[in-house]
2 protein chains.
Amino acid sequence: MAQQQQPMYQQIAEDLRKQIDTEVLKRGSQLPTELELRERYDASRNTIRDAIKRLISQGLVETRPGQGTFVTSKVDPFVTVITADANTGFGGGEGAAYLSQVSAGHRRPSATVPKVEVQAPPEPIAKRLRAGPGAQVVSRHQERYIDGIPWSLQTSFYPMDFIVKGATRLLMAEDIPEGAVRYLADTVGVRQIGYRDWITARLADDNEQRFFGIGHDSTVFVIFRTAFDQTKTPMRLTVTVFPTDRNQFIVNVGTDLPDPQYDEEPGEAAT
Amino acid sequence: MAQQQQPMYQQIAEDLRKQIDTEVLKRGSQLPTELELRERYDASRNTIRDAIKRLISQGLVETRPGQGTFVTSKVDPFVTVITADANTGFGGGEGAAYLSQVSAGHRRPSATVPKVEVQAPPEPIAKRLRAGPGAQVVSRHQERYIDGIPWSLQTSFYPMDFIVKGATRLLMAEDIPEGAVRYLADTVGVRQIGYRDWITARLADDNEQRFFGIGHDSTVFVIFRTAFDQTKTPMRLTVTVFPTDRNQFIVNVGTDLPDPQYDEEPGEAAT
DNA sequence: GCAAATTTGTTCGTATGTATT
DNA sequence: CAATACATACGAACAAATTTG
């Protein structure tokens with residue numbers, strides 16, 4: 001009987017995970033306290049805590065000091081189409097239409113008013129905007145929600161040059177209803193010919209952990225969107241941070257594809 | 001004196017992280033043993049281990065039983081272009097050209113011979129291929145490397161129908177040099193008009209942890225690529241798993257964009 | 001090839017601090 | 001204020017993996 005291979009804390013974690021999967025422990029419900037689990041599994045409290053730590057790092061439960069440990073209630077994931085679809089045309093702006101939201105109609109996106117700053121760009125930003133040393137940029141930062149759930153943190157950077165040439169509304173801490181792309185075309189004659197998204201993932205920093213309400217070893221998608229004008233010059237860089245636990249992305253290549261079937265979640269797949 | 005705010009194990013982790021960032025502890029080098037750190041920081045071994053666990057979950061160090069703890073040596077990330085570029089034309093096959101590899105010329109991709117199976121597809125696969133109950137599919141699984149480094153795990157699923165109609169080479173455990181797209185067009189007249197990538201992230205399972213050599217709380221990208229034929233019917237589903245610590249993706253929207261500047265890593269950005 | 005030394009992994013017990021009810 | 005529940009920290013012992021002599 002080669003059964004006693006795994007450490008006890010992993011066995012306990014596995015047992016609790018199964019109870020969560022099979023809804024014996026329902027979403028949002030409270031787990032037994034550490035002392036109760038200690039008796040049930042005949043283990044020390046430290047071992048119980050090691051098991052719970054595993055479940056936390058897997059995003060299955062969360063602990064609240066003074067209260068207890070609770071099964072996390074996962075939200076229906078937000079699905080974002082990165083490539084513009086036929087209806088919205090050639091997208092890629094900053095505002096509400098910036099990223100086409102699948103399941104639109106059911107869900108209500110919202111965002112804080114932009115926090116606008118003029119700053120010397122950090123090195124990675126400057127490189128992507130091809131801003132030389134000493135150059136200044138305008139940054140516009142927003143916290144974005146869907147149905148009241150923290151969805152993403154977004155910061156757009158524009159060359160200061162646009163302000164000098166007349167696009168002063170970029171400095172206003174208010175939305176640009178017609179979209180920044182349209183506004184820049186109208187005021188300074190800069191037309192967007194396309195953009196490039198650079199998709200990465202990393203651990204969430206402290207800010208992001210607080211805003212999204214995720215643990216310290218949760219990961220986030222970071223998408224760098226560089227938009228180019230008719231002279232192939234970067235005209236905007238938008239950095240958006242999405243927690244991976246509630247976000248998915250779609251990229252369409254080719255025309256005339258059937259609509260995605262949104263009721264089909266991409267579940268686990270054998271490799 | 002509001003200095004004793006953070007727990008000790010977090011302070012120790014922070015101190016070690018700084019030493020790694022400033023190259024005091026170089027890439028690949030060994031950290032002091034737990035007993036040495038225990039004396040240096042005047043803490044118990046368990047507290048030292050809590051600090052190291054934090055560094056592990058941040059991907060900064062790795063432990064090897066019987067040997068010690070080592071600073072992880074990060075590889076130059078692999079950058080994959082998801083949208084087809086002008087040169088390769090309308091991509092989306094299964095083989096080597098399946099995903100255009102940036103920095104090509106410097107790096108050598110390789111893959112194991114496909115492991116071919118005929119199976120009843122798991123539920124998520126069947127849904128996406130629109131395979132009814134009882135339907136069979138052919139799966140072709142490969143482990144893929146770049147410069148000998150584990151890069152991705154890929155499984156493609158084809159409807160069994162193609163085999164019946166004559167595309168028997170799909171059953172062979174060997175590469176299809178001209179590409180599966182071309183082969184299917186030639187043998188059964190099924191032409192690919194495009195594909196849709198569905199990008200998600202999740203924790204790595206045991207298989208993936210072993211193959212990629214990553215920890216149990218590391219995350220992976222999972223990309224579901226559904227390819228459609230001229231009748232808008234799914235003709236292939238490819239599931240590819242990439243560890244997030246060494247992979248990035250580019251999506252181009254619009255034509256005539258300048259080339260990416262590959263020497264510019266997307267570093268950390270203020271939000 | 002084997003035994004010893006080294007190093008990390010697991011488990012226990014205990015005590016105290018902090019947040020919530 | 002008291003009770004409850006999780007968070008941090010210490011010490012100790014043994015197991016498992018690896019290297020060294």
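Labels below follow one simple rule: chain letters A, B, ... track the order of the sequence lines, proteins then strands, and each chain is numbered from 1.
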Between CZ of A:F70 and C1' of D:dT4 the distance, given in whole Å, is 12 Å
B:D217: which residues meet the side chain to side chain contact (heavy atoms under 4.5 Å, CB included) condition with it, sequence neighbours left out? A:S57, A:D217, B:S57, B:L203
Indicate the atoms forming the closest heavy-atom contact of A:V118 with A:L171, along with that distance. CG2-CD2, 3.7 Å
B:R64 CZ to D:dA16 C1', straight-line distance once rounded to whole Å: 17 Å
So if I take residues 44-56 of chain A and measure heavy-atom distances to DNA chain D, which residues fall below 4.0 Å? A:R45, A:N46, A:R49
At under 4.0 Å, does any side-chain N or O of B:T69 touch on OP1 or OP2 of C:dT8? yes
Pair B:R17 + B:E14: basic N to acidic O under 4.0 Å: yes
Separation between OG of B:S156 and CZ of B:R140, rounded to the nearest 0.5 Å: 8.0 Å
Would you jot down, in residue-number order, the residues of residues 24-39 of chain B having a non-hydrogen atom under 4.0 Å from DNA chain D? none
Length of the CD-C1' vector between B:E62 and C:dG9, whole Å: 16 Å
Single hit among A:T200, A:T240, A:L153 for side-chain contact (heavy atoms from CB on, under 4.5 Å) with A:V222: A:T200
Kindly determine whether A:V241 and A:D205 satisfy side-chain contact (heavy atoms from CB on, under 4.5 Å), including the steps that lead there. CA-CA 11 Å; A:V241 178; A:D205 64 26; over 6 Å; no
5'-most contact on DNA chain C (nearest-nucleotide basis), A:Q10 vs A:P65, goes to A:Q10
Write out a two-atom table: protein N or O, nucleotide N or O from nucleotides 19-21 of chain D, distance below 3.5 Å.
none

Heavy-atom nearest pair, B:L55 first then B:A13, reads CD2-O, 3.6 Å
Return the nearest nucleotide to the side chain of B:T63; candidates are D:dA9, C:dG9, D:dA7. C:dG9
Check whether any side-chain heavy atom of B:L60 lies under 4.5 Å from a side-chain heavy atom of B:V71, and answer yes or no. no
Residues B:D50, B:R54: salt bridge by 4.0 Å N-O rule: no
Applying ring pair (Phe, Tyr, Trp, His ring centres under 6.0 Å), name anything that partners B:F211, two or more places apart in sequence or on another chain. B:Y145
Under 3.5 Å, which N/O atoms of the protein pair with N/O atoms of nucleotides 1-4 of chain C?
none

State, with a plain yes or no, whether a side-chain heavy atom of A:V137 is found less than 4.5 Å away from one of A:Q119. yes
Would you confirm whether the ring centroid of B:F242 sits within less than 6.0 angstrom of the ring centroid of B:F78? no
From CD of B:Q6 across to P of D:dT8 the rounded distance in Å is 11 Å
Note, A:W151 side chain near A:N247 side chain (heavy atom, < 4.5 Å): yes
Interatomic distance, B:Y41 OH vs D:dT8 P [rounded to whole Å]: 18 Å
